[in-house]
Amino acid sequence: MGAAMAGVDVKELPKIPEEDMEALMAAVGKGNLAEAAAKAKEALEMVDKIILNIAVTGESGSGKSSFVNTIRDLRDEDDAAAEIGITETTMEPTAYPHPSYSNVIVWDLPGIGTETFKSDTYLKQVGFSRYDFFIIISCTRFKTHDIELAQEIQRQGKQFYFVRSKVDVDLKNERELYDEKGILKQRKAATKRPHQYSESAILNIIRENCISGLKAAEVASSRVFLVSRGDLGKYDFPKLQETLVDELHSHKRLAFLRSLSNVSKETLEKKKQQLQTQIWLKSLASCAVAAVPLPGLSTVCDVAMLMTSLKEYCRDFGLNENALATLARQNNKPIEELKAVIRSPLSEEITKDLVIKLLTKYAAGAVKYSTYLLNVIPVVGAVVSAAVSLPTTYFMLKNFLDDAAADAVRVLEVVMEGDISNSGKQHENTHTP
Ligand SMILES: Nc1nc2c(ncn2[C@@H]2O[C@H](COP(=O)(O)OP(=O)(O)O)[C@@H](O)[C@H]2O)c(=O)[nH]1
Ligand SMILES: [Mg+2]
């Protein structure tokens with residue numbers, strides 16, 4: 001669990017990054033420590049209250065409801081899942097909050113593309129202003145109404161993303177044109193297809209096919225993300241996650257990031273970095289709000305609040321029994337195989353005693369750090385205990401977060417290993433006569 005703080009040279013201790021410092025100083029203001037902590041707590045609570053509304057739209061049958069489930073990391077058969085294969089009969093969008101992050105709401109919009117479809121009235125009917133961005137799904141090339149809708153969204157000043165669904169179906173159909181050695185069976189099918197079967201080449205053909213249609217229509221963005229229901233780690237789903245995160249307004253980014261399935265190392269890294277930006281505020285809030293002195297430690301802090309933070313980190317990185325059981329089931333792996341690579345405690349193991357144990361571990365190193373803090377944040381220095389508590393708490397949270405993120409990367413590696421061998425097996429099965 002992280003490098004032990006005891007014996008760490010004070011020069012090696014990280015400086016507070018400038019933007020964290022700004023947030024910290026803003027919270028401290030001219031007030032006293034209690035006020036500063038209350039402000040920090042308020043700032044953190046505001047972040048928790050941020051709501052993100054994602055609109056999923058496209059033709060009926062294109063895979064909207066399936067995608068709504070996929071992005072919420074649910075299987076179609078799960079209780080909270082959107083119903084699949086239902087023809088929409090109303091113009092009412094349906095809200096599907098993320099099962100673990102209820103402030104992230106995915107909206108299943110009514111199907112577009114009927115005879116009477118008009119992009120502007122459609123957007124009015126579904127409540128355009130509510131949404132942060134739009135996902136337009138198609139299981140074929142994008143059609144006129146997809147394009148008109150994108151252009152209207154653009155005109156009204158919001159972002160849209162084209163998602164091409166059901167690529168698993170395309171790949172399966174394409175594979176049938178090739179023999180068991182992967183050689184194209186019919187010459188006349190060879191116009192664009194490679195002679196030797198190649199999944200990436202076929203995906204590129206699908207992508208180019210979509211893009212050329214969008215370019216011809218002069219849509220503002222002709223990026224297309226290829227996905228398949230339930231295959232979160234595959235095709236362009238991880239790239240879509242990253243793009244959405246990058247293009248989201250910064251105050252909504254954390255809310256969205258936390259809700260993302262841990263399907264790529266890039267997402268995990270971004271999640272960690274974004275969560276890190278809150279640690280100073282969390283430490284400050286913990287040092288004065290409901291803080292109690294801890295026996296044997298020159299630290300005062302709100303242990304209950306720290307416990308909550310650690311449990312939240314576990315949830316963000318899928319480190320609890322429930323999430324691991326689901327992941328194991330989805331990937332046909334024994335849960336023990338996933339647990340074997342986890343080094344930090346799971347959510348269920350986080351107790352008051354554990355928090356105190358961790359704080360004790362980081363206290364010695366943090367004492368040295370307090371001198372630095374006394375100089376930069378005089379208000380903290382005014383309360384001697386806080387000058388030690390603040391860095392102690394900071395290092396405890398920071399190390400726990402780093403460890404949880406590293407665990408999630410290792411779990412992902414185990415899952416991805418499985419993915420490669422599984423897909424290999426699938427190919428063999430498909431082609432045994
Ligand atoms: N193979 C495959 N089938 C899909 C995929 N996405 C959706 N479907 C199927 O396509 C049909 C329509 O999907 P649905 O999500 O109900 O579309 P909606 O009408 O746009 O909400 C259902 O039978 C789904 O199971 C996918 O990625 N792969
Ligand atoms: Mg539907």
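In each ligand, atom 1 is the first atom listed, and ligand 1 is the first ligand listed. Numbers here are sequence positions counted from 1. Worth knowing before you read on, the calculation uses all heavy atoms, side chains too, and leaves out hydrogens, waters and symmetry mates.
When heavy-atom distances to ligand 1 are checked against 4.0 Å, the residues falling inside are Glu59, Ser60, Gly61, Ser62, Gly63, Lys64, Ser65, Ser66, Ile84, Gly85, Glu88, Lys166, Asp168, Val169, Ser228, Arg229, ordered by chain and number.
Between Phe133 and Phe256, the two ring planes are perpendicular [angle over 60°; tilted spans 30° to 60°].
Around the Mg ion (ligand 2), protein N, O or S atoms at less than 2.8 Å number 1.
Residues passing the ring pair (Phe, Tyr, Trp, His ring centres under 6.0 Å) test with Phe67: none are found, sequence neighbours excluded. Taking the salt bridge (Lys or Arg N to Asp or Glu O under 4.0 Å) definition, one finds that Glu83 meets it with nothing, sequence neighbours left out.
For the salt bridge (Lys or Arg N to Asp or Glu O under 4.0 Å) with Asp170, the lone residue among Arg164, Arg175, Arg141, Arg207 that qualifies is Arg164. For the ring pair (Phe, Tyr, Trp, His ring centres under 6.0 Å) with Phe134, the qualifying choice from Phe128, Tyr122, Phe160, Tyr161 is Phe128, the only one to do so.
With hydrogens and angles ignored, the 3.5 Å screen pairs a side-chain donor or acceptor of Lys252 with a backbone N or O of Ile51.
Figure legend: cation-pi geometry between Arg315 and Tyr101, with NZ or CZ positioned under 6.0 Å from the six-membered ring centre and within 45° of its axis.
Between Asn69 and Val106 the shortest side-chain heavy-atom distance does not fall below 4.5 Å. You'll find the side chain of Pro110 reaches within 4.5 Å of the side chain of Val126, heavy atoms only.
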